[in-house]
Amino acid sequence: MTTETLQNFRRSGYCGTYTMKNVGETISVCGWVQRQRNKGALIFVDLRDRTGILQLSFNPDTPREVFEKAAGLHSEYVVAATGILRERESKNPDLATGDVELEVTELRLLAASETPPFEILEDLQANDMLRLKYRYLDLRRPNMQKAIQTRHRVTKVVRDYFDEQGFFEIETPMLTKSTPEGARDYLVPSRTHPGKFYALPQSPQQYKQLLMLSGFDRYMQIVRCFRDEDLRADRQPEFTQIDLEMSFVTADDVMEIQEGFLKRVFKEILDVDVQTPFPRMPYSEAMARYGSDKPDTRFGFELCDISDLVKDCGFGVFSGPVSEGGSVRLINLKGFAADFPRKKIDKLVDFVKTYRAKGLAWARLIDGGVTSSYQKFLTEGENAAILERAGASDGDVVLIVGDAKDEVVFAALGALRVHCAKELNLLDPKVFHFLWVKEFPMFEYSEEDGRFVAMHHPFTAPLDEDVEKLETDKLGCRAKAYDIVLNGTELGGGSIRINTPQMQETMFKALGFSAEEAQERFGHLINAFQYGAPPHGGIAYGLDRLCMLMAGAESIRDVIAFPKVQNASEPMTACPDVVDQKQLDELGLALNLAVLEKKTEE
RNA sequence: GGCUCGGUAGCGAAGUCGGUUAUCGCGCCGGCCUGUCACGCCGGAGAUCGAGGGUUCAAGUCCCUUCCGAGUCGCCA
């Protein structure tokens, strides 16, 4: 079958836009053949473009050569058709254009197609690898088209809203200086400076702070960022941030303007009204109540501390953690005892072990009785006190984790409450619970480095009342940092920054950098701050995560046109890949074969 | 790096206790059909059961190794 060019063909509109009001018009559409149904003397072709499907019809009155051309069409052929829009004899209520069809008088075959490796269907069940290898076909599917379009509309709202609020969009470099704090950098070798490397930005953090110093006052950017770390459903090595910074603001000012943005974007894209202001919760409260710094507040199952009740009990599994400085805490799956028979609870025991918990104690209150994994080790009074503290009554399941490290208890129970809620179908993706988590700890201790590191980043300002603690009580020192959390996902995070060289110096000292080290790594920022930096702060959102939640997707891959798979490769182009020796020579690079061999063996 | 789950025609799946020619749906090819729209009917092709090794008279099925994917822990200031 020979293909044709467009010649004098002019598209009159998109397939999905034609309805009864256009009946009688001569129209011209083009797109891909979704399906051809040949009834012998009648042929129907579903023509698809990004707006939807329009049925083309061919009958005995159709010019013969057009009819024969239609008979030769197959899936994914690209055609242009002209004809008269008619009301259908038998209508299809499932289709937006189901009342009409195009009675074709002219048909051009613009491109044929091989049989695609999978059908272009809305609810395709194909494995991710295949979809990504043929991503250009995967993206033809209506739900992918919708997701990518939604992403476009979100970024449009971002630009509109922040423009209205006086923000300038300013681009920052992609080739930057590697900074050792934080995630692993992607490195780019320099040809003009042999042996030296650029790094791709993990975020434009320092540049945007310098823009504040330059007086731009309100900055925004939709910007690609890079982190060479392992992938997750919500983490890609390259991802997009909505990056913002403002001068002369407090944390509350920043949060307020973000609430305006989120309210706007949810209204415009999903027609969902979200209530502002969002609840604001200190980090310590989030951990104590939910065991997480990004709690999903769509359901209860809050944590409950029973350390004081069991610290002197005769059961070492409970008393041990408390005496070693940890805690024993529980969650109560209120009213769900029937959903968690013994077998299911055993699976929960395995579940918490992935979070390094040593085990899971439980009590099941059903039919007026109590069965429990631990009650025989405790006195009657102790047992009663625990259930009372848990607020447990008949029909409940109480799940208890104790550990010498609070972080293990929090991680295990925090994950467990979400896991159980998921199993119980309590997570409605159409309900949106926003939450600000604020007053994060300034520091955390890094076992790997054997020192304190900044939890957020080293430019974050401490709470005014905690400045003294930079020296005296690092773990008790809180930062002017805040995260925006939506349904248990960290959508974004930010802080008020340090704006004086004195405070920045104190901070570097607290992190254990000598003056020389600080100068070498962050000299540009330290020097700049000698020249009058305004108080400033900002936030950065994960655009991919925002779009994922708004699209109801399970993974950010679904809202990224060309994402990477778990080993950070890209199946369609098969990158990363080897390069020519000539390219290496030009950069003065040699592969260390001994190291590569060892890596391959591992 | 660890753990869990998965890999069977182009796609999605089934395959029991190890036993004849590996099953089903979609798609594909050929034929028929004047109102289909997940069209229908008739016929057909298409599989080194991810790869390698082992046990066995016999392996998709059991064992070992390995590759690939997904989820997750570590990691991600």
Side-chain angles (χ1 to χ4, degrees), chain A residues 34-47 53-62 67 74-76 86 88-95 97-98 101 103 114-134 137 179-185 202-203 205-206 225-237 239 347 350-357 408 411-412 415 419 440-444 446-449 452-460 479 481 490 493 495 507 511 540 542 554-555 557 565-567 569 571 599-600 602:
Chain A
Q34 178 69 33
R35 199 170 256 119
Q36 183 237 49
R37 290 181 292 279
N38 191 331
K39 297 285 296 175
L42 291 177
I43 297 172
F44 301 100
V45 171
D46 290 340
L47 192 67
I53 280 175
L54 181 66
Q55 176 168 286
L56 311 181
S57 76
F58 304 84
N59 59 47
D61 296 332
T62 303
F67 190 92
H74 295 269
S75 290
E76 302 311 313
R86 304 279 192 208
R88 288 202 200 182
E89 263 179 49
S90 52
K91 299 182 176 180
N92 181 356
D94 298 331
L95 201 62
T97 60
E101 65 185 359
E103 200 172 284
E114 294 292 313
T115 301
F118 50 81
E119 293 173 75
I120 312 303
L121 297 173
E122 172 95 41
D123 53 349
L124 176 78
Q125 302 269 322
N127 83 59
D128 287 3
M129 199 57 183
L130 188 79
R131 285 176 54 196
L132 290 177
K133 188 174 173 191
Y134 297 95
L137 298 180
T179 54
E181 291 283 287
R184 205 175 282 115
D185 283 321
Q202 299 183 20
S203 91
Q205 182 61 35
Q206 295 176 46
C225 299
F226 304 85
R227 293 178 190 173
D228 187 4
E229 298 292 346
D230 286 351
L231 285 76
R232 289 284 188 283
D234 61 356
R235 257 163 47 188
Q236 284 270 312
F239 61 102
K347 287 206 171 140
D350 292 333
F351 177 82
V352 298
K353 283 180 180 166
T354 56
Y355 296 86
R356 289 179 299 159
V408 170
H419 177 78
F440 276 75
M442 192 78 231
F443 304 101
E444 58 190 342
S446 165
E447 302 278 354
E448 193 190 331
D449 301 338
F452 288 97
V453 296
M455 194 164 187
H456 195 52
H457 56 60
F459 317 112
T460 305
E490 180 193 329
S495 63
M507 178 59 62
L511 287 167
E554 303 265 304
S555 163
R557 282 194 303 272
V565 297
Q566 196 164 39
N567 67 11
S569 67
K599 286 248 178 209
T600 312
E602 288 168 4

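Checking B:U36 for Watson-Crick or G-U wobble geometry (two distances, each under 3.5 Å) identifies no partner in any strand. If you check B:C62 for Watson-Crick or wobble pairing at under 3.5 angstrom, you find it paired to B:G54. Base pairing of B:U16 is not made with any nucleotide, judged by Watson-Crick or G-U wobble geometry with both donor-acceptor distances under 3.5 Å. B:C5 is paired with B:G69 under the Watson-Crick or G-U wobble criterion, all donor-acceptor distances under 3.5 Å. Here B:C41 sits opposite B:G31 as a Watson-Crick or G-U wobble pair (both hydrogen-bonding atom distances under 3.5 Å). The partner of B:C26 is B:G10, by the rule that a Watson-Crick or G-U pair needs both atom distances under 3.5 Å.
We find that NZ of A:Lys133 is positioned 12 Å from C1' of B:G10, with the value rounded to whole Å. Here the C1' atom of nucleotide B:G2 and the CG atom of A:Asp350 are 15 Å apart, to the nearest Å. When rounded to the nearest whole Å, the span between CG of A:Leu47 and C1' of B:U36 equals 16 Å. The nearest whole Å value for the distance from the CG atom in A:Asp128 to the C1' atom in B:C5 is 14 Å. We find that CZ of A:Arg184 is positioned 11 Å from C1' of B:G1, with the value rounded to whole Å. The CE-P distance, from A:Met129 to B:G12, rounds to 13 Å in whole Å.
The side chain of A:Arg557 sits closest to B:G71 out of B:G12, B:G71, B:C75. Among B:A70, B:C76, B:A38, the nucleotide with an atom closest to any side-chain atom of A:Asn92 is B:A38.
One C1' atom belongs to B:A59, the other to B:A70, and the distance between them is 27 Å to the nearest Å. B:A58 and B:G74 are spaced 45 Å apart, taking the C1' atom of each and rounding to whole Å. Rounded to a whole angstrom, the distance from the C1' atom of B:U23 to that of B:G69 is 25 Å. Straight-line distance between the C1' atoms of B:G44 and B:U48: roughly 23 Å, to the nearest whole Å. Taking the P atoms as reference points, B:A22 lies 31 Å from B:C68, given to the whole Å. Of the P atoms belonging to B:G60 and B:U20, the separation is 10 Å, rounded to the nearest Å. Only the C1' atoms considered, B:G40 is 14 Å distant from B:U34, to the nearest whole Å. Comparing B:U21 with B:G27, their P atoms are spaced 30 Å from each other, to the whole Å.
The side-chain contact (heavy atoms from CB on, under 4.5 Å) test applied to A:Arg232 returns A:Asp230, A:Asp234, A:Arg235, not counting sequence neighbours.
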If you restrict it to nitrogen or oxygen atoms, what contacts under 3.5 Å exist between nucleotides 42-47 of chain B and the protein, and what is each distance?
none

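For a distance-only test at 3.5 Å, the side chain of A:Arg235 qualifies as a donor-acceptor partner of the base of B:C75. A donor N or O paired with an acceptor N or O is not found under 3.5 Å between the base of B:C76 and the side-chain atoms of A:Arg227. On a pure distance criterion of 3.5 Å, a polar donor-acceptor pair joins the side chain of A:Asp230 and the base of B:G74.
With hydrogens and angles disregarded, a donor-acceptor distance shorter than 3.5 Å links the side chain of A:Gln202 to the backbone of A:Ala183. No side-chain donor-acceptor contact under 3.5 Å links A:Gln36 to the backbone of A:Ile43.
Using a 4.0 Å heavy-atom criterion, one finds that A:Leu130 contacts the sugar-phosphate atoms exclusively. No engagement by A:Thr460 is indicated, since no non-hydrogen atom pair under 4.0 Å with the nucleic acid exists. Contacts of A:Lys91 with the nucleic acid, taken as non-hydrogen atoms under 4.0 Å apart, include base atoms.
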Under the side chain to side chain contact (heavy atoms under 4.5 Å, CB included) rule, what do A:Glu119 and A:Arg35 come out as? Steps first, then yes or no, please.
CA-CA 10 Å; A:Glu119 293 173 75; A:Arg35 199 170 256 119; 3.9 Å; yes
Does A:Gln205 form a side chain to side chain contact (heavy atoms under 4.5 Å, CB included) with A:Thr179? I'd like the steps, not just the answer.
CA-CA 11 Å; A:Gln205 182 61 35; A:Thr179 54; over 6 Å; no
Run the side chain to side chain contact (heavy atoms under 4.5 Å, CB included) check on A:Thr115 and A:His74 step by step: do they pass?
CA-CA 8 Å; A:Thr115 301; A:His74 295 269; over 6 Å; no
Side chain to side chain contact (heavy atoms under 4.5 Å, CB included) assessment of A:Leu54 paired with A:Gln34:
CA-CA 10 Å; A:Leu54 181 66; A:Gln34 178 69 33; over 6 Å; no
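The neighbour count for A:Glu122 CD, taken as heavy atoms of other residues, nucleotides or ligands under 6.0 Å away, is above 12. Few gaps surround NZ on A:Lys91; more than 12 heavy atoms of other groups in view lie less than 6.0 Å from it.
A distance of 11.0 Å separates CG of A:Asp46 from CD of A:Glu101, quoted to the nearest 0.5 Å. In this structure, the separation between CE on A:Met507 and CZ on A:Phe443 is 4.5 Å, given to the nearest 0.5 Å.
Dashed line: the shortest gap from a side-chain N or O of A:Asn127 to OP1 or OP2 of B:G6 is not under 4.0 Å. Under 4.0 angstrom from either OP1 or OP2 of B:A70 there lies at least one side-chain N or O belonging to A:Gln566.
A salt bridge links A:Arg131 with A:Asp128; the closest basic N to acidic carboxylate O contact falls under 4.0 Å.
In terms of position on RNA chain B, the residue among A:His457 and A:Leu132 whose nearest nucleotide sits closer to the 5' end is A:Leu132.
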Go along nucleotides 25-35 of chain B 5' to 3' and tag each nucleotide: B for a protein heavy atom under 4.0 Å from its base, S when only backbone or sugar atoms are that close, - otherwise.
-SSSS---BBB
